[in-house]
Structure formats: structure tokens, C-alpha cells
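Note that these values count all heavy atoms, side chains included, but never hydrogens, waters or copies made by symmetry. From a predicted model like this one, the values you see are computed outputs, not experimental measurements. Numbers restart at 1 for each chain; the letters A, B, ... are given by sequence-line order, proteins then strands.
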Amino acid sequence: MTDSSPSQHLFADVLVRVHRACAALAEEGALPSGLDLTRIVVEPPRDASHGDMATNAAMVLAKDAKTKPRDLAERIVTKLRADDLIENAEIAGPGFINLTLKLPVWADVLRDVLRDGEGFGRSAIGADEKVNVEYVSANPTGPMHVGHCRGAVFGDALASLLSFAGYDVTREYYINDAGSQVDVLARSALLRYREALGEDIGAIPDGLYPGDYLKPVGQALAAEHGDSLVKAPEAEWLGLVRAKAIGMMMEMIRGDLAALNIRHDVFFSERSLIEGSADRVAETIDFLREKGDVYEGRLPPPKGAPVEDYEDREQTLFRATAYGDDVDRPLKKSDGGYTYFASDIAYHKTKFDRGFHNMVDVWGADHGGYIKRVQAAIKAVTSGQATLDVKIVQLVKLLRNGEPVKMSKRAGDFVTLREVVDEVGSDAVRFMMLFRKNDAVLDFDLAKVIEQSKDNPVFYVQYGHARGFSIFRNAREVFPDLPEADAERRQFLGIADLERLSDPVEISLLRRLALYPRTVEAAAVAHEPHRIAFYLYDLASEFHALWTKGRDLPHLRFIINNDAQITRARLALVQGVVAVLASGLTVLGVHAPTEMR
RNA sequence: GCACCCGUAGCUCAGCUGGAUAGAGCGUUGCCCUCCGAAGGCAAAGGUCAGAGGUUCGAAUCCUCUCGGGUGCGCCA
């Protein structure tokens with residue numbers, strides 16, 4: 001295969017061949033022209049005995065072609081058999097076409113991997129389109145706790161995945177620094193300030209933040225202002241103390257994120273929407289009002305949970321129902337300030353104004369009821385030109401040996417993210433958070449994730465990578481000059497006689513490698529990074545199995561002392577596995593170790 | 001009451017956006033290994049995909065209803 005496609009995507013290549021076969025049939029008049037080919041897929045068969053790949057082309061096209069699926073399959077098969085990639089094509093079941101590829105195809109796949117290394121699997125489907133991924137966005141009122149960490153890891157991995165798939169990704173954090181919560185923060189900090197000046201403040205009153213983490217803020221304020229704020233009225237110190245506290249909280253949060261190997265490109269301040277020369281929230285409301293999407297009106301009282309101080313009044317409403325939401329949503333509070341929703345509309349409008357037509361928000365499960373209104377708002381504010389996909393991450397149940405972990409009172413009744421990362425490491429946290437679909441609740445067992453056993457997926461996958469390097473180290477008895485550096489080693493192994501990899505288990509492993517680019521694209525399109533984690537687990541599993549086979553069947557060992565040729569080819573296979581494991585782990589933000597300690 | 005998410009093996013979960021005989025790990029049971037490549041291997045049992053209808057060549061997947069669990073429901077973010 002000399003005309004390797006830009007994506008090194010074997011499944012995409014074969015799909016092209018199938019399209020070509022259909023086009024040829026159309027030209028001969030055996031098929032109507034202008035058929036919709038987009039529903040045709042080429043996928044791995046459930047059972048390996050069915051061949052290397054299967055396509056549903058005949059079944060999908062049969063109706064429009066006004067023929068029976070199996071008859072049409074017959075014609076497509078004739079074309080496909082003439083293809084230089086395809087060894088054999090057979091019809092099965094209701095009209096599946098099972099394809100067996102020519103053996104050299106697998107050597108070509110490995111050649112691609114050896115050429116591209118960790119870049120294998122990189123895709124261009126994103127076409128450099130801009131995507132904004134907003135995640136974490138925790139309130140700047142304290143350190144991050146475990147509840148935040150799943151969304152943080154998920155968002156970060158999704159951003160990496162989209163980037164790997166060819167999107168131009170911006171990682172963004174929305175700082176909620178404008179609501180009443182940050183005023184509470186400021187009042188809490190002022191108390192710590194008085195404490196730092198030597199005053200006995202007693203117990204922290206209800207409604208204020210009790211955590212010790214505000215003590216450094218108090219000390220910093222004392223150092224900067226002496227006792228000048230003690231007697232000042234709140235109006236004088238509030239803004240100043242608030243800014244200081246938010247600044248220091250954000251520093252702390254950035255530190256927490258850094259411990260998880262997470263960084264954002266943009267930290268967007270909610271306050272910046274209304275401070276300074278322009279009031280972006282007012283502008284946005286005016287914009288919507290001109291479109292007729294904002295009006296003054298009344299809302300029926302909410303059902304279910306009774307609202308204590310409910311008051312039927314006329315208010316400023318966004319016509320969310322015109323865009324798929326269940327009720328219209330208020331934009332102003334009774335005190336005249338904007339609702340959080342109003343700010344959020346303006347905020348998402350700035351994303352659009354900054355050129356993002358693709359947006360992804362990562363939220364906690366408790367915000368699920370908020371999705372419709374924000375999507376409605378984005379439709380209104382961008383005239384349908386932008387899309388927002390909201391990914392909900394479910395709760396994490398923190399366990400230790402199966403028992404729920406008690407909350408630590410000191411930090412203010414929550415387990416901090418830092419405590420967890422310090423205990424089990426960023427790799428374990430990240431991988432386990434991603435080894436589950438985002439919308440399923442997750443049990444996270446502090447004891448199990450650091451276990452060095454097959455039962456621990458983090459270890460299992462990382463050990464696969466390390467085992468590859470262990471094989472390289474042992475291989476130096478046969479190839480003393482096997483290079484240490486990745487690129488050189490890939491080149492060294494790339495000249496191996498890869499066609500000698502012909503044992504069914506070796507081919508099976510190569511088939512798995514060929515699946516990687518397809519997995520990357522599917523995961524990126526679906527916004528589901530967990531698919532990468534599961535793929536890596538499967539790949540590692542198959543690699544370990546092959547290694548183990550060498551115990552009973554010495555001829556299958558990677559290193560065959562009296563046969564440098566086959567050893568080199570198998571080392572190339574190991575290199576392929578190592579490269580893809582490293583690639584996937586990098587996408588997930590997990591370290592790929594060269595040895596386990 | 002309404003909206004959204006979920007329901008798959010004893011347990012924890014995948015299932016590639018509608019494909020073939022629904023998979024994996026744990027647990028259970030039975031063998032093998034425990035010298036040549038430590039952090040084991042092989043195999044078996046185990047299913048009304050919550051239930052009932054519908055859509056079509058074909059449904060765990062899409063639609064409707066029912067049951068069961070979670071989340072949320074002006075002026076918190």
C-alpha cells in the first residue's frame with residue numbers, strides 16, 4: 001500500500017474502496033447513480049472468524065437500488081475482490097460483506113506506526129475548526145474537592161482528544177467571581193484578617209466559609225493593610241478584600257489543577273462582563289430584546305419543591321420556550337441584579353464572538369436541569385450558528401477497601417482533590433476517572449487504584465508500556481545497538497522484515513493497532529474520551545496475553561536468540577504497541593512509564 | 001406534578017450512534033504454573049439487555065407507555 005491516506009486510517013481506506021466499488025457499479029448501470037453512501041460503514045466484525053472487516057453496504061443500499069441485499073452484495077463483492085487491498089470478500093447473513101485483507105496490509109499498518117510513533121492515530125477530521133472546551137469552572141471560594149476532579153479530568157482529556165483529532169482547541173475556565181458567594185468569601189476573609197491581627201474571632205458564624213484555607217488570605221490582608229480595614233465600613237473594604245481573596249483562591253485552584261497535570265488557556269472572569277467600559281450582560285439582553293426574545297412578563301409558580309419567599313411579580317424573561325426549553329427564564333433578580341443565567345448567556349455569546357462555533361461545557365450532574373436553557377440561549381444569541389454540547393459528569397463515590405471515606409472536618413467538610421492526588425497520584429486519579437462513561441456514577445477506591453495487580457486497570461495498562469521497554473532492555477543481548485531514543489529505535493526496527501509477523505496472535509495484535517485511529521475519531525466525534533481508556537485496556541490485555549504465550553510456546557517469544565530476523569520483526573511489533581499505548585496515555589494525560597517500581 | 005440521566009451476568013461495567021451467536025474484569029468452579037521472561041495462565045458455569053407495545057431486512061441501541069433509581073425544578077452559582 002503505497003498511497004497511504006493522510007490519516008493512516010485503515011478502516012477509512014477500506015471504506016473508500018467500498019465507495020469506489022459502488023461508484024463503479026453505478027457507472028455500469030448496475031446501481032442507480034446518486035445513492036446516499038454516507039450510511040455505509042466498515043467495521044471490525046464481532047467474530048474474528050468472519051474476517052478482518054465487515055461492511056453493511058449492500059443492506060443499506062438495497063432499498064434505494066430496488067434489489068435484494070444479497071443480490072446487491074454479490075455485485076459489490078465481485079468489484080471488491082479485484083481490489084488490491086482485499087484478499088477475499090464473502091457474503092454472510094442478511095447481506096453483510098465480510099472482507100479479508102491481504103496479509104501485507106498488516107505489515108503496512110505497523111510501518112505506519114513505526115514511522116509516526118506516538119503521532120500514529122492523529123486525525124484531521126477536526127479540520128482545524130475552533131472548539132472551546134469549558135471545564136472545572138469551580139467557584140473561587142475554596143480549594144477543589146473530589147467532586148470537582150472528575151469534570152476536571154474529563155474536560156482535560158476531551159480537550160486533548162479533540163486536539164489529537166485535528167481541532168483547534170481552547171481550554172477555558174469560567175470564574176464565577178460576580179455573585180453573592182464571592183461576597184460571602186470576602187466577609188469570611190475579613191474575619192480571618194481580624195484573626196491575623198490578633199483578635200479572637202471565635203467560631204465562624206453560619207453562612208460564612210469556615211475553612212482554614214482562608215487564614216493565609218487574612219494574613220496577607222493584614223500584611224498589606226495593617227489594621228486600616230478593621231473600622232472601615234463594608235462598602236469600603238468589600239471590593240478590595242474580595243479581589244484579594246479571589247486572587248488567592250484562584251492561585252490555590254491553579255495549584256490543585258497543576259497537581260493533576262491540568263492547565264487552561266483562558267480564565268474568563270464573570271465580573272469582567274459587567275465591569276469596565278461595557279456591560280456585556282446588558283448588551284446581550286438588549287440584543288435579545290431587539291430580536292423579540294426578551295419580554296416583561298409573569299411566570300407560573302414553580303411546581304414541586306416550594307419556594308419560601310415566592311412572590312408573583314412581573315420580570316424580565318428570556319423566551320427560552322421558543323428554542324426548546326420548557327419555560328421562559330428570568331434574567332433579573334428582584335434586587336435588580338442579573339441572574340446567573342443572564343451572565344451565562346452573555347458569557348457564551350463572547351465565546352461565539354471570539355470565533356467559537358463549537359462549544360463543549362463540562363458540568364456536574366446537579367446542573368443537568370440547566371442544559372436546555374443554555375442551549376436555547378445559544379441558539380438565540382448565535383441565530384443557530386453555534387452548537388453547545390454539554391457533558392454531564394456523574395458523582396464519584398470515594399471508597400477505601402469498599403468502605404465510604406469519611407469527610408475530613410478540618411478542610412470544611414470535604415475531601416480535597418489535593419488529598420486524593422497526594423495519596424494515589426495523578427495517574428491513578430486520571431485513568432480511573434476516565435475508565436467509565438461520563439454519565440455513569442463512579443466508585444473510586446483509594447486502596448484498589450494503587451494495587452500492582454492485573455485487577456487494577458491503571459497498573460495493567462502502564463505495565464504494558466513498561467513491559468515493552470523491559471523487552472527492549474533484554475533484546476540488547478541480540479541487538480546491542482538497539483537505540484534508546486524513540487525516533488532512532490523506530491527507524492532501527494522499521495527496516496525489519498515485517499512480513500514475518502504472520503502468526504494469528506501477532507496479526508490479531510496488529511489488527512488491534514489498526515483500530516486505534518478509528519477509535520480516536522469515534523471518541524472525538526462522540527466527545528467520549530473513555531473509549532480511549534477502554535481501547536488501551538484491550539490493547540494492553542492482548543499484548544500481555546501474547547507475552548504470556550511465549551512461556552508455553554517458546555517459538556512465539558519476542559526474543560529468539562538464533563533468529564535475529566524474527567526478533568527484529570517482533571521488536572517492531574512491541575514498538576508499535578508501546579507507541580500506541582504511549583499515544584493513548586498521553587491523550588488521557590497519564591504518564592507512560594518505562595519501568596514499574 | 002414536570003424535565004433530564006440511568007436500568008445489560010451474583011458484583012462493577014463495556015457494547016464502536018441500527019448489525020451477525022450481547023462482551024470484559026471481579027467473584028464462583030475445575031485444571032495448569034510456581035527452574036528457563038516476578039507482580040500468573042487456561043477453561044467452564046452464569047442473560048427474558050427492567051417490562052410491554054411499535055418502527056424495519058435487523059433493536060440492548062430509535063419511538064410510546066409502565067415500573068424502578070438518580071438529579072434538578074423563579075430572584076444559588
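- As a whole-Å value, the separation of Asp344(A) CG from rC75(B) P is 14 Å.
- For rC13(B), one of the phosphate oxygens OP1 or OP2 lies less than 4.0 angstrom from a side-chain nitrogen or oxygen of Arg436(A).
- Nucleic acid contact class of Tyr463(A) (heavy atoms, under 4.0 Å, all strands): base.
- Look at the C1' atom in both rU8(B) and rG1(B): the space between them is 31 Å, to the nearest Å.
- Within 4.0 Å (heavy atoms only), Val41(A) reaches no atom of the nucleic acid at all.
- Inspection of the Asp52(A) and Thr100(A) side chains reveals no N or O donor paired with an N or O acceptor under 3.5 Å.
- In the set rC16(B), rA14(B), rC75(B), the nucleotide with an atom closest to the side chain of Pro44(A) is rC16(B).
- Relative to the six-membered ring of Phe318(A), Arg373(A) misses at least one condition, a distance below 6.0 Å or an angle of at most 45° to the axis.
- Between the side chain of Arg518(A) and the base of rC16(B), a donor-acceptor pair under 3.5 Å is found.
- Within the nucleic acid shown, Ala523(A) has no heavy atom closer than 4.0 Å to any nucleic acid atom.
- In this structure, the NZ atom of Lys391(A) is 12 Å from the P atom of rC5(B), given to the nearest Å.
- At the phosphate of rA3(B), neither OP1 nor OP2 sits under 4.0 Å from any side-chain N or O atom of Arg373(A).
- What separates NZ of Lys437(A) from P of rU61(B) is a distance of 13 Å, to the nearest Å.
- Under 3.5 Å, the side chain of His530(A) and the base of rA14(B) form no donor-acceptor pair of N or O atoms.
- For rC16(B), there is no paired nucleotide, since no Watson-Crick or G-U wobble pair has both relevant distances below 3.5 Å.
- Base pairing of rC35(B) is not made with any nucleotide, judged by Watson-Crick or G-U wobble geometry with both donor-acceptor distances under 3.5 Å.
- In this structure, Lys448(A) does not pair ionically with Glu451(A), as no charged nitrogen and carboxylate oxygen lie closer than 4.0 Å.
- Across all strands shown, rG1(B) pairs with rC73(B); the Watson-Crick or G-U wobble distances both stay below 3.5 Å.
- At a cut-off of 3.5 Å, with distance as the only test, no side-chain donor of Asn438(A) or Gln394(A) sits close to an acceptor on the other residue.
- Backbone-only engagement by Ser180(A) is indicated by non-hydrogen atom pairs under 4.0 Å involving sugar-phosphate atoms exclusively.
- Between Thr339(A) and rC76(B), a side-chain N or O to OP1/OP2 separation shorter than 4.0 Å is absent.
- In this structure, the CG atom of Leu395(A) is 13 Å from the C1' atom of rG72(B), given to the nearest Å.
- For rU29(B) and rG46(B), the C1' atoms lie 11 Å apart once the distance is rounded to whole Å.
- Residue contacts for Pro69(A): at a heavy-atom cut-off of 4.0 Å it reaches no nucleic acid atom on any strand shown.
- Residue contacts for Leu299(A): at a heavy-atom cut-off of 4.0 Å it reaches a base atom on one of the strands shown.
- For rG70(B), the OP1/OP2 oxygens have no side-chain nitrogen or oxygen of Lys397(A) closer than 4.0 Å.
- Taking the C1' atom of each, rC67(B) and rA52(B) are spaced 11 Å apart, rounded to whole Å.
- Atoms CE (Met59(A)) and C1' (rC57(B)) sit 9 Å apart, rounded to a whole Å.
- Side chain to side chain, Asp328(A) and Tyr295(A) meet the donor-acceptor criterion of an N or O pair below 3.5 Å.
- For the pair Arg570(A) and Phe558(A), the cation does not sit on the ring face, since its NZ or CZ is not both under 6.0 Å from the ring centre and inside 45° of the axis.
- Between the side chain of Arg313(A) and the base of rC75(B), a donor-acceptor pair under 3.5 Å is found.
- Cation-pi geometry between Lys379(A) and Tyr323(A) is not satisfied (NZ or CZ under 6.0 Å from the ring centre, within 45° of the ring normal).
- Contact annotation for Tyr370(A): base contact, defined as any heavy-atom pair under 4.0 Å involving a base atom.
- In this structure rU17(B) sits in the syn conformation; its chi angle is within 90° of 0.
- Here rC16(B) presents its P atom at 12 Å from CZ of Phe534(A), a figure rounded to the nearest Å.
- Closest to the side chain of Gln315(A), out of rG74(B), rA39(B), rA20(B), is rG74(B).
- Across all strands shown, nothing is found opposite rA9(B) as a Watson-Crick or G-U wobble partner with both distances under 3.5 Å.
- Nucleotides rA3(B) and rG40(B) place their P atoms 50 Å apart, quoted to the nearest Å.
- Spacing between atom CZ of Arg39(A) and atom C1' of rU56(B) amounts to 10 Å, rounded to whole angstrom units.
- Base pairing of rA59(B): no nucleotide in any strand meets the Watson-Crick or G-U wobble criterion (both distances under 3.5 Å).
- Under the Watson-Crick or G-U wobble criterion, with both distances below 3.5 Å, rU21(B) has no partner in any strand shown.
- Counting atom types as modelled, Asn98(A) pairs a side-chain N or O with a base atom of rA20(B) as donor and acceptor under 3.5 Å.
- Using a 4.0 Å heavy-atom criterion, one finds that Asp366(A) contacts the sugar-phosphate atoms exclusively.
- For rA52(B), the paired nucleotide is rU64(B), the pair qualifying as Watson-Crick or G-U wobble because both relevant distances are below 3.5 Å.
- Here rU28(B) sits opposite rA44(B) as a Watson-Crick or G-U wobble pair (both hydrogen-bonding atom distances under 3.5 Å).
- Distance Asp335(A) CG to rA77(B) C1': 14 Å, rounded to the nearest Å.
- Across all strands, Lys68(A) comes closer than 4.0 Å to no nucleic acid atom at all (heavy-atom distances).
- Side chain to side chain, His50(A) and Asn98(A) fail the donor-acceptor criterion of an N or O pair below 3.5 Å.
- To the nearest whole angstrom, the two P atoms, one in rA59(B) and one in rA50(B), are 15 Å apart.
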